[in-house]
Number of protein chains: 2
Amino acid sequence: MLILATTSISLLSQENLDFSAVKDIISPEIHNDKSVTFRFLAPHADNVNVGGDFLPSNGWMPGTEQMTKDKNGIWSFTTKPLDSELYTYAFYVDSLQVNDPNNVYYRRDVASTLNILLIDGGQADLYKVNDVPHGTVAKRWYLSPGNKMTRRITIYTPPGYESSKNQYPVLYLLHGMGGDEEAWMTLGRASQILDNLIATGKAKPMIVVMPNGNVAQEAAPGESSKGFYKPNFNLPHTMDGQMEETFTEIVNFIDNNYRTIKNKSGRAIAGLSMGGFHSLHISRYYPNTFDYIGLFSAAIKPNERTQSKVYANIESTLQKQKNNGYKLYWIGIGKDDFLYKANTEYRSELDKIGMKYTYRESEGGHTWRNWRIYLSEFVPLLFK
Amino acid sequence: MLILATTSISLLSQENLDFSAVKDIISPEIHNDKSVTFRFLAPHADNVNVGGDFLPSNGWMPGTEQMTKDKNGIWSFTTKPLDSELYTYAFYVDSLQVNDPNNVYYRRDVASTLNILLIDGGQADLYKVNDVPHGTVAKRWYLSPGNKMTRRITIYTPPGYESSKNQYPVLYLLHGMGGDEEAWMTLGRASQILDNLIATGKAKPMIVVMPNGNVAQEAAPGESSKGFYKPNFNLPHTMDGQMEETFTEIVNFIDNNYRTIKNKSGRAIAGLSMGGFHSLHISRYYPNTFDYIGLFSAAIKPNERTQSKVYANIESTLQKQKNNGYKLYWIGIGKDDFLYKANTEYRSELDKIGMKYTYRESEGGHTWRNWRIYLSEFVPLLFK
């Protein structure tokens, strides 16, 4: 309360403004036609722009849209009607990027924290909290002897899990480089997608397990004893085989602590980018463990200098995985993704050994927009 | 990755800067002597200040500290050595308040989102994630027939709960006006305080239940089907008796879903401000339910126009609560709190009827700083 009051006073002290207009700034305002008005109070600024991924382009556009200033110093810009999606945006005040102080909804992506905005009426209805039964989301810690630490893990249990006596299938859902055990919940809207697909009968009730794929980390930035540090991509052991080798610790922890179907018919593994790489290699390294595999914009090949035995026999373990049988091998990639070529080559290799897969090619590139779409298409195919 | 890259380019495009210095901005930087350097890149700005609650004053100071600009356009300011505490701060760029783009750690308080910073070596060591066993934090939904909705609730279970067969005591921990079921976790650092007090043997392992005290709300802003709206204080039914009347739904949900001690010897209730008001009235309205009561900067009296039967017989229900017996009635208030006088008057009333309490008077006012201190002092007194 005190902070709000003093903030308003400091912003207004040198101006003679219409206080009610300033106090009631709504930004973003979503109109009935799905156009959006952004507003920003900056009486002293010479120029304010808005940018984001709501523009008709591939990815983020920094500050391309010129805002206009009213007599109270409020800058505004209204978009064209937008497609249903979860967008991010920022303001550019005299070329300085700032967040929207009137929007408390943020998502962190590595070291960048941006405001979000949701346009419903289509795909993004799956990303909304709707008036449907909700699962439980728990942040727990499990012992990882292989990494010599306890590690944080996010676990979604579906509506009804606690009061049921049933055994449930499990989707292991892995993040990409720079992500952590929170990424699929915050950027990926995984609990909303699951709640909504389960509520409409499009997906089976399932447990979703979201571990931290950076085995050097105990937990997401700020959630471990390392304190509040600036996140970066520079983590050791991200793709050197250690995640794959210690993955059985996670499966055992889940099987020992939850009512799960404890064989491959009740297990799926999927991930984006580095998490797709992990899913590919975990599923063939333990070739009789998962009936459902999802590679979302996956990295494919290990670094050539990597010595791990995990990557020693890729073709023969894929053969073994094929011979053991599986129900779904799903590959999704965007036409503009920098990993498009690697995925095309990987599909040729799979074709060569006669390993069946389902292929989904989308527009766009290496983006959370695509990964949310892939998740919402992949989950209905599981455990049927 | 893409966002980070384009952001840097947009900030630098009109300048000829030392790229490595700009790229590696660390803010805040905490030095060994516990002084802090704040840094902010704003080559075009005429004036940049920093403000926050790290200054030697009561509460938030907006932009009083002048920063200085170097040749790369990076503004900086270094504080004196700071006491151990969790602080919030913001930058003021030509009088416009903005957050620190190099600090991804934020906390929302009603409609205001500010960066945080933690100085260890004292009280705030309790607010850190330390290398100790960690409890589980779950976001669940419970059915509230009295409020005709399902409602979100945050539940902390202590380390070892899942593998134990023991019954555990429960602390019901309530937020203030403008807060919700997330406030005690984000602003109050409740899970860290509990983890740390339990690890050192200063507190008994206990379950901590953090409901949403705004009975008109299903969940925190952005977490219900109302979508991403701008939060405010304007909620109906916050202090009209309905929270108290429907509180048994929460106790029953917890007793039915967790291994709890199902009588008053295993129940505590505490809250801040409105949550202190709720704790006061819930504990006397159900006068044989809680052995431990904590009022942190509590509001005391109901609005005179409130008709609820909950507030009809305050003195006689307090008498009943006294006669039934309890172990601890703890009142904490800051000398500068606007509720100080109301608490003094309430203590007189308790004295009149001979109702014993423990009184803790602190420096400062109606702040999360005080509520974290009160929680860390209250919890060790429970269930002994």
Side-chain angles (χ1 to χ4, degrees), chain A residues 1-4 6-7 10-11 14 26 42 44-45 59-60 62-63 92-99 101-106 108-114 116-118 128-131 133-134 136-141 150 152 162 178 219 221-225 227-228 230-231 233 257 366, chain B residues 1-4 6-7 10-11 14 26 42 44-45 59-60 62-63 88 92-99 101-106 108-114 116-118 128-131 133-134 136-141 150 152 162 178 219 221-225 227-228 230-231 257 366:
Chain A
M1 288 171 85
L2 291 172
I3 289 172
L4 278 176
T6 53
T7 301
S10 80
L11 285 170
Q14 294 164 14
I26 298 294
H44 302 287
W60 181 268
Y92 295 78
V93 185
D94 299 335
S95 90
L96 182 73
Q97 181 180 326
V98 300
N99 285 328
N102 289 294
N103 181 353
V104 300
Y105 304 104
Y106 289 84
R108 180 180 66 81
D109 193 0
V110 196
S112 176
T113 307
L114 293 165
I116 57 171
L117 132 82
L118 190 146
K128 285 172 64 182
V129 179
N130 289 310
D131 187 13
H134 302 296
T136 297
V137 177
K139 311 275 183 181
R140 289 185 66 167
W141 295 73
T150 57
R152 197 158 171 262
E162 289 93 347
E223 300 292 341
S224 79
S225 55
F228 295 143
K230 188 172 179 176
F233 287 102
N257 282 275
H366 208 69
Chain B
M1 287 173 83
L2 291 173
I3 289 171
L4 278 177
T6 53
T7 302
S10 80
L11 285 170
Q14 294 164 16
I26 298 295
H44 302 287
W60 180 268
T88 53
Y92 295 81
V93 184
D94 299 335
S95 91
L96 182 74
Q97 181 180 326
V98 300
N99 285 328
N102 289 293
N103 181 352
V104 301
Y105 304 103
Y106 289 82
R108 179 179 67 80
D109 194 0
V110 196
S112 175
T113 306
L114 292 165
I116 58 171
L117 133 82
L118 190 146
K128 285 172 66 181
V129 179
N130 290 310
D131 187 12
H134 302 296
T136 297
V137 177
K139 312 275 183 181
R140 289 186 64 166
W141 294 73
T150 57
R152 197 158 170 263
E162 289 93 347
E223 300 292 342
S224 81
S225 56
F228 295 145
K230 188 171 178 176
N257 283 275
H366 209 69

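Fair warning: this is a prediction, and the values are worked out from it, not measured in the lab. All chains are named by letter (A, B, ...) in the order of the sequence lines, taking the proteins before the strands, and each is independently numbered beginning at 1.
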Self-check item: Top contributor to chain B contacts, counting heavy-atom pairs under 4.5 Å, from A:Ala42, A:Gly227, A:Ser224
Solution: A:Ser224
Exercise. Can you tell which part of A:Val104 gets under 4.5 Å to a heavy atom of chain B, answering side chain, backbone, both or neither?
Key: both
Quiz item: Between the side chains of A:Thr150 and B:His134, is a donor N or O closer than 3.5 angstrom to an acceptor N or O?
Solution: no
Self-check item: Pairing residues for A:Pro221 by the side-chain contact (heavy atoms from CB on, under 4.5 Å) criterion, not counting sequence neighbours
Solution: A:Arg108, A:Asp180, A:Gln217, A:Tyr229, A:Pro231, B:Tyr105
Quiz item: Taking only residues two or more places apart in sequence or in another chain, which ones pass side-chain contact (heavy atoms from CB on, under 4.5 Å) with B:Ala138?
Solution: A:Thr136, A:Ala138, B:Arg140
Quiz item: Between B:Asp94 and A:Ala45, is there a donor-acceptor pair closer than 3.5 Å when you use the side chain of the first and the backbone of the second?
Solution: no
Practice problem: Name the region of B:Lys139, side chain, backbone, both or neither, that has any atom closer than 4.5 Å to a heavy atom of chain A. | Solution: both
Self-check item: Options A:Ala219, A:Gly222, A:Gly178, ranked by heavy-atom pairs under 4.5 Å with chain B, top entry
Solution: A:Gly222
Quiz item: Which region of B:Asn99, side chain (C-beta onward) or backbone (N, CA, C, O), has a non-hydrogen atom less than 4.5 Å from a non-hydrogen atom of chain A, or is it both or neither?
Solution: side chain
Self-check item: Distance, nearest 0.5 Å, that separates CH2 of B:Trp141 from CZ of B:Arg152
Solution: 6.0 Å
Quiz prompt | Closest-packed option against chain A by number of heavy-atom pairs under 4.5 Å, given B:Leu117, B:Asn130, B:Asn102 | solution = B:Asn102
